[in-house]
Amino acid sequence: MQHAASQVASHAGAVLEIDLGAVVANWRTLGEHHPSGPVAGVVKADAYGLGAADVVPALHAAGCRHFFVAHLQEALAIRSLAPTSLLGVLNGLIPGSEPEYVAHDLMPVLGSLAEIDAWGDQARRAGKKLPAILHVDTGMSRLGLDAPGLAALRDDPSLLDGIHLAYVMSHLVSSEVPHDPVNEVQRGRFAAICAALPPAPRSLANSSGIFLGPGFGSDLARPGAALYGINPTPGLENPMRPVVRLRARVLSVREIPTGATVGYNATWTAPRPSRIATAAIGYADGWHRSHSGRGHALFDGRPVPLVGRVSMDLTTFDATGHPALTPGAWLELIGPARSADDVAAAAGTNGYEVLTSLSRRFARLYTS
Ligand SMILES: *Cc1c(COP(=O)(O)O)cnc(C)c1O
């Protein structure tokens with residue numbers, strides 16, 4: 001394993017290391033903060049870019065028995081990796097796909113009367129009750145049953161005939177902003193909606209929701225980001241362990257004179273004689289062009305500023321003052337000392353987008 005790992009790294013242009021032990025440790029930490037019920041693993045978007053094929057077995061081996069993806073195809077791809085687990089599909093039920101859910105024991109998340117109707121029909125065809133999660137909208141206005149839909153359910157509870165409500169769930173709008181009043185508003189709405197529905201277990205908190213206090217505890221938490229090391233409590237110390245390390249190999253180092261420009265469209269001009277290091281990572285690797293001229297990598301623990309445009313396969317850094325930075329050296333772009341959240345802050349996005357963008361072109365090393 002150790003040997004294979006160093007072999008991969010020794011020929012690669014960029015290496016993404018994923019610490020599955022840290023993912024499991026984070027899942028356990030989240031469990032300690034959510035005593036009211038178990039903690040699921042949200043593994044949509046290929047486990048936030050880190051690889052569901054590896055993350056799901058690691059979580060399952062640790063005892064995780066609830067998983068969520070966004071798309072039916074994502075659920076089909078991991079069904080065999082999470083046996084005897086609830087596997088929920090957050091994006092809802094696309095008409096005609098009902099038999100796939102039954103055949104593979106998948107749990108649709110129903111968010112409209114049409115989806116409820118379709119699933120009820122499927123249950124009648126199957127001749128038995130079928131389980132589903134009912135998603136109710138408490139403020140996102142995105143998916144989930146809206147106010148007229150909820151009123152219709154209250155007026156005619158038989159709409160749920162044939163459906164076993166495994167959970168009623170809602171999703172928080174602003175959970176990473178603890179003092180945003182919308183959190184309390186949603187909590188109150190969710191409680192009122194659940195009270196008016198047939199009794200069923202509840203699911204509310206995402207990663208940050210788990211840290212909003214006991215009032216946001218439910219029968220099932222649904223964290224994604226925090227499992228992968230993203231800070232669920234922005235502004236406070238990150239309670240999660242770092243999971244990801246991304247390194248890119250330096251291919252070329254050159255000295256350029258004052259006034260020389262770097263990269264496409266000459267967006268950076270050397271203000272003094274400069275040492276430019278070109279690394280094997282670019283926007284085709286999900287290292288977005290919007291990182292151009294922003295942020296830095298680390299070399300020997302010291303920052304090396306990113307300069308010029310990010311190109312498709314290459315990114316340039318101002319290595320002036322780093323004489324030890326020579327071709328073959330590795331620059332650390334994400335790691336314990338520079339989190340995905342830090343990278344995101346420099347580029348004007350969030351850690352979720354940084355992680356889910358990471359491409360399949362990297363050599364990937366999984367450690368446990
Ligand atoms: C993505 C998602 C989650 C997980 O959110 P995190 O902020 O990554 O923890 C939970 N619930 C729903 C409905 C989601 O779409």
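Atoms within each ligand, like the ligands themselves, are counted from 1 in listed order. We number each residue from 1, following the sequence as shown.
The single protein non-hydrogen atom nearest to atom 2 (C) of ligand 1 is K44 NZ, 2.5 Å, given as residue, atom name and distance. Among protein heavy atoms, atom 9 (O) of ligand 1 sits closest to S207 OG, 2.5 Å. For atom 8 (O) of ligand 1, the closest non-hydrogen atom on the protein side is Y48 OH, 2.5 Å. Atom 7 (O) of ligand 1 has its closest protein heavy atom at Y352 OH, 2.6 Å. The nearest heavy-atom contact from the protein to atom 4 (C) of ligand 1 is R222 O, 3.3 Å. In terms of protein heavy atoms, atom 5 (O) of ligand 1 is closest to N206 CB, 3.5 Å.
At distances below 3.5 Å, not a single donor-acceptor pair connects side-chain atoms of E100 with backbone N or O atoms of S97. In terms of modelled atom types and a separation under 3.5 Å, the side chain of D341 and the main chain of I230 share no donor-acceptor contact.
Each of the following atoms of ligand 1 lies closer than 4.0 Å to a heavy atom of L90: 12 (C), 13 (C), 14 (C), 15 (O). Less than 4.0 angstrom separates some heavy atom of G224 from each of these atoms of ligand 1: 4 (C), 6 (P), 8 (O), 9 (O). Ligand 1 places these atoms under 4.0 Å from at least one heavy atom of A225: 6 (P), 8 (O), 9 (O). Counting the atoms of ligand 1 from 1 in the order shown, those under 4.0 Å from a heavy atom of P223 are 9 (O).
Of the polar atoms of M169, none of the N or O atoms is found under 3.5 Å from an N or O of ligand 1, judged by distance alone.
A donor-acceptor pair shorter than 3.5 Å can be found between the side chains of T320 and D318.
Under the 30°/60° scheme for interplanar angles, the aromatic rings of H33 and F211 are found to be tilted. Using a 30° and 60° split on the angle between ring planes, Y48 and Y352 fall in the tilted class, from 30° to 60°.
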> Please walk me through it: do R189 and Q186 pass side-chain hydrogen bond (donor to acceptor under 3.5 Å, both in side chains)?
Replying inline: CA-CA 5 Å; R189 282 183 188 151; Q186 286 191 280; over 6 Å; no
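Rounding to the nearest 0.5 angstrom, the gap separating the NE2 atom in H179 from the CG atom in L212 is 10.0 Å.
Linking Ile, Leu, Val, Met, Phe, Trp and Tyr residues whenever their side-chain heavy atoms come within less than 4.5 Å leaves L314 and V253 in two separate clusters.
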